Participant: 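Can you read through this structure? Questions will come right after.
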Amino acid sequence: MRIPGPLPQGGTIGITAPSFGATTEPYITRFKEAVRKLTEQGFKVKAGRTCFKSDGLGISTNPRAAARELERFYADPKIDAIISCGGGETMCETVSFLDWSVIKNSPPKWFMGYSDNTNFIFPLATLCGTAGIYGPCVTGFGKPWEQTENDSLALLTGSIRTVRGFKMFQPPETGTESKEGGDPLSPYILTERKTLRTYIPQNGKLIKCGTGVSVSVTGTLLGGCLDVLCGLSGTPLDAVRRFKRTHRSIIWVLEACDYNPMEIRRALWHLGECGWFENAAAFLIGRPLAAWRQTVMGVDQYNAVTDMLARYRAPVIMDADVGHIPPVMPLVIGADAAVTAKGNNLTVEHML
């Protein structure tokens with residue numbers, strides 16, 4: 001696995017939009033504020049044309065043009081790291097037009113984003129053998145910086161390797177920045193205490209641990225947004241079986257955006273039948289967005305996961321600080337790591 005070098009002080013951050021651009025509020029305001037803050041930190045910022053496009057369907061622009069810009073930015077020696085402009089819906093179309101040999105043969109550099117950006121980060125690791133950061137898109141830096149943003153930049157610059165979870169989180173109905181009349185530069189509104197649910201395998205089932213039990217596991221972090229991963233499975237960008245030949249202990253990092261509990265259950269069944277989860281070391285499951293506290297015909301966000309993953313006889317840590325419900329921990333997909341959960345405390349130590 002190729003681990004990119006650190007973003008140097010005074011280095012150049014490229015911002016490109018292989019998924020959504022920043023052409024509506026609150027993203028316009030947040031984009032400008034993010035550029036200001038990153039520049040204030042001493043970095044140069046190069047924004048691609050796609051960031052200001054909105055003529056695409058579910059993405060910033062024509063997917064072929066979006067792919068060419070991402071390709072150019074990744075191969076450009078004057079750009080030291082890339083942060084995606086935003087998430088979106090159909091970045092799968094963009095990556096279909098990427099020349100992956102260009103990405104694979106270019107010197108590795110950090111690419112950071114989440115959600116729809118799984119379309120790039122996942123094959124970047126499995127197909128090209130290069131690590132990427134599953135963390136905030138650039139508009140995430142356009143708010144008052146808290147631990148998520150500080151940790152994300154620190155991972156990029158190489159000043160930290162270990163990230164930790166949070167005590168509080170912002171439930172989906174609480175955020176105001178995307179609502180009409182809301183403050184686009186609002187900090188997180190942390191109103192609920194985070195409660196991890198950790199399960200260990202026992203007699204063919206997953207049994208919920210007590211708060212005093214500590215679960216520690218090492219392996220290679222792999223995963224992203226479940227909605228995207230199901231789309232990638234079975235395509236030419238699905239190199240999981242080959243990846244597993246040299247990375248035999250995988251900690252699956254999974255979170256869901258639009259899926260309801262039933263769709264999460266079906267998705268995990270599907271990826272399991274594709275052979276992805278055989279010999280998994282553990283599963284780190286983020287708080288689901290649409291499925292949060294939702295029940296469909298008796299299926300909720302918990303049994304959707306535990307029923308499908310029990311057969312792999314690996315620990316499952318749920319409601320982790322990963323995904324679409326902030327705040328979140330940035331994680332290096334493709335890197336070896338040690339994950340420890342005890343009570344409501346979660347620590348991920350990257351072995352970079």
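Only heavy atoms go into these numbers, but all of them, side chains included; no hydrogens, no water, no symmetry mates. Note that this is a predicted model, so its numbers are computed, not measured.
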Participant: Does Ala65 have any side-chain contact (heavy atoms from CB on, under 4.5 Å) partners at least two apart in sequence or in another chain, and if so, which?
Facilitator: Thr61, Asn62
Participant: Restricting to side-chain contact (heavy atoms from CB on, under 4.5 Å), what partner residues turn up for Thr39, sequence neighbours left out?
Facilitator: Val35, Val45
Participant: Quick check for you: to the nearest 0.5 Å, what is the distance between Asn150 atom CG and Ser159 atom OG?
Facilitator: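 Answer rounded to 0.5 Å: 9.5 Å.
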Participant: Quick one: does Asn203's side chain have a donor or acceptor within less than 3.5 Å of a partner on Lys205's backbone?
Facilitator: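 The answer is no, because no donor-acceptor pair under 3.5 Å joins these two groups.
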Participant: I want to check something: taking the side chain as every heavy atom from C-beta on, are Ile82 and Tyr74 in contact at a cut-off of under 4.5 Å?
Facilitator: yes
Participant: Can you confirm whether Thr218 sits close enough to Ile251 that some side-chain heavy atom of one is under 4.5 Å from a side-chain heavy atom of the other?
Facilitator: no
Participant: Using a side-chain heavy atom cutoff under 4.5 Å and only I, L, V, M, F, W and Y, what cluster partners does Val296 have?
Facilitator: Met262, Met297, Val299
Participant: With a 3.5 Å distance limit and no angle check, can you tell me whether Asp116 reaches the backbone of Glu89 through a side-chain donor-acceptor pair?
Facilitator: yes
Participant: Fit a plane to each ring of Phe243 and His247, take the angle between them on a 0 to 90° scale, and name the class: parallel (under 30°), tilted (30 to 60°) or perpendicular (over 60°).
Facilitator: parallel
Participant: Which other residues belong to the hydrophobic cluster containing Val328, where Ile, Leu, Val, Met, Phe, Trp and Tyr are joined when side-chain heavy atoms lie under 4.5 Å apart, directly or via other members?
Facilitator: none
Participant: Remaining members of Val213's ILVMFWY cluster at a side-chain heavy-atom cut-off under 4.5 Å?
Facilitator: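 Ile200, Val215, which link up through side-chain heavy atoms under 4.5 Å apart, make up the rest of the cluster.
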Participant: Begin with the C-alpha distance, continue with both residues' side-chain angles, and end with the deciding distance and a verdict on ring-ring contact (aromatic ring centres under 6.0 Å, His included) for Phe120 and Trp100.
Facilitator: CA-CA 10 Å; Phe120 183 71; Trp100 288 94; 5.5 Å; yes
Participant: Does a side-chain heavy-atom distance below 4.5 Å link Leu237 with Leu127?
Facilitator: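 With C-beta onward as the side chain, the pair touches.
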Participant: Could you measure the distance from the CD1 atom of Ile103 to the OG1 atom of Thr130? Nearest 0.5 Å is fine.
Facilitator: 9.0 Å
Participant: Any donor and acceptor pair, going by atom type alone, linking the side chain of Ser60 with main-chain N or O of Ala66 inside 3.5 Å?
Facilitator: no
Participant: Kindly determine whether Phe111 and Phe73 satisfy ring-ring contact (aromatic ring centres under 6.0 Å, His included), including the steps that lead there.
Facilitator: CA-CA 10 Å; Phe111 176 95; Phe73 274 38; over 10 Å; no
Participant: If you measure from CG on Leu206 to CG on Asn303, what distance do you get to the nearest 0.5 Å?
Facilitator: 12.0 Å
Participant: Report the distance from atom CG of Leu153 to atom CD of Gln41, rounding to the nearest 0.5 Å.
Facilitator: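 Reported value, rounded in 0.5 Å steps: 6.0 Å.
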Participant: Using the salt bridge (Lys or Arg N to Asp or Glu O under 4.0 Å) criterion, which residues pair with Glu69? Sequence neighbours excluded.
Facilitator: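 Not a single residue meets the salt bridge (Lys or Arg N to Asp or Glu O under 4.0 Å) criterion with Glu69.
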Participant: Report yes or no: do Ile83 and Ile59 belong to one cluster of Ile/Leu/Val/Met/Phe/Trp/Tyr joined by side chain heavy-atom distances under 4.5 Å?
Facilitator: no
Participant: Passes ring-ring contact (aromatic ring centres under 6.0 Å, His included), Tyr312 versus Trp252? Steps please.
Facilitator: CA-CA 12 Å; Tyr312 301 107; Trp252 284 97; 9.8 Å; no
Participant: Evaluate the side-chain proximity of Ser152 to Ile133: yes if any heavy-atom separation is below 4.5 Å, no if none is.
Facilitator: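 They are not in contact (no side-chain heavy atoms under 4.5 Å apart), so the answer is no.
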Participant: Mind listing the closest non-hydrogen atom pair of Leu229 and Gly224 along with its distance?
Facilitator: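 Taking every non-hydrogen atom into account, CD1-N, 3.8 Å.
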Participant: Step through the shown structure and confirm whether more than 12 heavy atoms of other residues, nucleotides or ligands are within 6.0 Å of CZ on Arg36.
Facilitator: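 Correct, the count exceeds 12.
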Participant: Minimum heavy-atom separation for Pro144 and Glu149, please, with both atom names.
Facilitator: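 Pro144 and Glu149 have their closest heavy atoms at O-OE1, 3.9 Å.
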Participant: Extract all donor-acceptor atom pairs below 3.5 Å that involve side chains of residues 91-99 and protein atoms in other chains or at least two apart in sequence.
Facilitator:
{"unit_1": "Thr94", "atom_1": "OG1", "unit_2": "Pro18", "atom_2": "O", "d": "2.9"}
{"unit_1": "Ser96", "atom_1": "OG", "unit_2": "Cys92", "atom_2": "O", "d": "3.2"}
{"unit_1": "Asp99", "atom_1": "OD1", "unit_2": "Ser101", "atom_2": "N", "d": "3.1"}
{"unit_1": "Asp99", "atom_1": "OD1", "unit_2": "Ser101", "atom_2": "OG", "d": "2.4"}

Participant: Hey, does Leu271 have a side-chain heavy atom less than 4.5 Å from the side chain of Cys230?
Facilitator: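 Cys230 vs Leu271: side chains touch.
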Participant: With a 3.5 Å distance limit and no angle check, can you tell me whether Lys109 reaches the backbone of Ile79 through a side-chain donor-acceptor pair?
Facilitator: yes
Participant: Sequence neighbours left out, what pairs pass side chain to side chain donor-acceptor pair (under 3.5 Å) with at least one residue falling in residues 207-217?
Facilitator: Ser216-Thr340
Participant: Is a donor on one side and an acceptor on the other found under 3.5 Å between the side chain of Asp80 and the backbone of Gly11?
Facilitator: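 No; zero donor-acceptor contacts below 3.5 Å.
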Participant: I need the Gln170 CD to Thr191 OG1 distance, nearest 0.5 Å.
Facilitator: 7.5 Å
Participant: So, the side chain of Arg241 versus the backbone of Cys274: is there a donor-acceptor pair under 3.5 Å, distance only?
Facilitator: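 Pair found, side chain donor or acceptor close to backbone of Cys274.
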Participant: So that I can tick it off, tell me whether Glu33 and Arg30 are bridged by a salt bridge, with the cut-off set at under 4.0 angstrom between side-chain N and carboxylate O.
Facilitator: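 No, Arg30 and Glu33 are not salt-bridged.
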Participant: State whether a side-chain donor-acceptor pair under 3.5 Å links Glu255 with Tyr114.
Facilitator: no
Participant: For a 4.5 angstrom cut-off between non-hydrogen side-chain atoms, does Tyr199 reach Tyr302?
Facilitator: yes
Participant: Quick one: side-chain hydrogen bond (donor to acceptor under 3.5 Å, both in side chains) partners of Arg161, sequence neighbours excluded?
Facilitator: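 So Arg161 forms no side-chain hydrogen bond (donor to acceptor under 3.5 Å, both in side chains) with any residue.
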Participant: Say you draw a straight line from CD of Gln147 to CE of Met329; how long is it, rounded to the nearest 0.5 Å?
Facilitator: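 Here the interatomic distance stands at 9.5 Å.
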Participant: Using modelled atom types and a 3.5 Å cut-off, is there a donor and acceptor pairing between side-chain atoms of Asn117 and backbone atoms of Gly86?
Facilitator: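 Yes: the side chain of Asn117 pairs with the backbone of Gly86.
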Participant: With the side chain counted from C-beta on, respond yes when Leu284 and Leu346 share a heavy-atom pair under 4.5 Å apart, and no when they do not.
Facilitator: yes
Participant: Identify, with sequence neighbours excluded, every residue that meets side-chain hydrogen bond (donor to acceptor under 3.5 Å, both in side chains) alongside Glu146.
Facilitator: Lys143
Participant: Measure the shortest side-chain to side-chain distance between Ile3 and Trp110 over non-hydrogen atoms and say whether it is less than 4.5 angstrom.
Facilitator: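 Yes, close enough: below the 4.5 Å cut-off.
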Participant: Please identify each residue that fulfils side-chain hydrogen bond (donor to acceptor under 3.5 Å, both in side chains) with Gln9, with sequence neighbours left out.
Facilitator: none
Participant: Parallel, tilted or perpendicular, judged at 30° and 60°: which one describes the rings of Trp276 and Phe122?
Facilitator: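 Correct class here is parallel.
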Participant: Which residues pass the side-chain hydrogen bond (donor to acceptor under 3.5 Å, both in side chains) test with Lys194, not counting sequence neighbours?
Facilitator: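 So Lys194 forms a side-chain hydrogen bond (donor to acceptor under 3.5 Å, both in side chains) with Asp321.
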